[in-house]
Amino acid sequence: ETKQSLRNAITLRLYLGHYEKALANAHAYIKQYPTDGEVQKIHLSIADIHTRMKDKKKANAKYTELLATYKENRDMLFKISANLGLFYLKDNVTKEGLEYAGYAKTHYGALGKKEQKENVSLYSELRFEVAKLSFNEFKDVKLKLPAPVLKELLRKKAALLNEIKESYL
């Protein structure tokens with residue numbers, strides 16, 4: 001199979017939910033074309049496939065391996081951190097999710113304009129997930145309290161609204 005047909009097979013099988021076959025194609029691609037420039041993306045696809053298969057252990061192991069392998073590559077560090085942030089946030093593991101979201105924000109800021117443009121949808125998805133946390137906390141703040149407590153809660157709500165606003169700026 002050609003490089004392009006293998007890449008297309010991975011994408012199509014991911015889209016169709018045929019994760020085992022997509023995983024087999026990804027491993028075949030890496031084995032056949034280990035020095036190809038697309039190998040980084042294929043490795044990210046493998047981590048994504050494990051995430052979609054709900055195999056958290058393998059997904060986390062792959063992301064950890066990628067962090068060690070691509071520690072000097074700003075673009076990959078952003079993508080890995082953002083995907084890890086999403087991985088944890090969507091699994092309701094808030095502490096780690098926010099930690100990786102913070103790393104992703106730092107790495108995104110270090111990217112050039114072209115790289116930022118190429119990664120804007122992933123960054124936006126991550127920012128949305130972080131904003132959802134703030135909004136969920138915001139909506140849970142109840143206002144039926146004595147004046148001093150109400151004043152403190154209003155201050156907290158205002159701070160959370162600012163966090164939400166900042167995530168979209």
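As the structure is a computational prediction, the values presented were derived from the model and not from experiment. FYI, side chains are in, hydrogens and waters are out, and symmetry mates aren't considered; it's all heavy atoms of this structure.
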Ignoring hydrogens and geometry, is there a side-chain-to-backbone donor-acceptor pair from Y19 to R52 under 3.5 Å?
no
Would a distance-only check, ignoring hydrogens and angles, find a side-chain to backbone donor-acceptor pair under 3.5 Å from D55 to K58?
yes
Considering only NZ, NE, NH1 and NH2 on the basic side and carboxylate oxygens on the acidic side, decide whether E115 and R74 come within less than 4.0 Å.
yes
Is it the case that the side chain of E137 and the backbone of L160 share a donor-acceptor pair, with hydrogens and angles ignored and the cut-off at 3.5 Å?
no
Going by the salt bridge (charged side-chain N to carboxylate O under 4.0 Å, His left out) test, which pairs reach into residues 86-95, not counting sequence neighbours?
K56-D91, K90-E125
Of all the heavy-atom pairs spanning A47 and A59, show the shortest one and how long it is.
O-CB, 3.9 Å
E99 and Y103: side chain donor to acceptor below 3.5 Å:
yes
For Q4 and N8, test the side chains for any donor-to-acceptor distance below 3.5 angstrom and give the result as yes or no.
yes
Correct closest heavy-atom pair for I46 and L23 would be CG2-CD1, 3.8 Å
What I'd like to find out is whether the side chain of H18 reaches to under 4.5 Å of the side chain of N25, using heavy atoms alone.
no
Assess, by modelled atom type and distance only, whether the side chains of S124 and S121 contain a donor and an acceptor separated by less than 3.5 Å.
no
Cluster link L67 to Y108, ILVMFWY, side chain under 4.5 Å
no
Any sub-3.5 Å donor-acceptor pair from S81's side-chain atoms to F78's backbone N or O?
no
Considering only residues two or more places apart or on different chains, which pairs with a residue in residues 11-35 satisfy salt bridge (charged side-chain N to carboxylate O under 4.0 Å, His left out)?
none
When rounded to the nearest 0.5 angstrom, what is the spacing between CD1 in I164 and NZ in K157?
9.5 Å
Give the minimum heavy-atom separation between V130 and A101, together with the two atoms involved.
CG2-CB, 3.7 Å
Any side-chain donor-acceptor pair under 3.5 Å between N83 and D48?
no
Show which residues join L12 in its hydrophobic cluster (side-chain heavy-atom contacts under 4.5 Å, direct or indirect), or state none.
Y15, L16
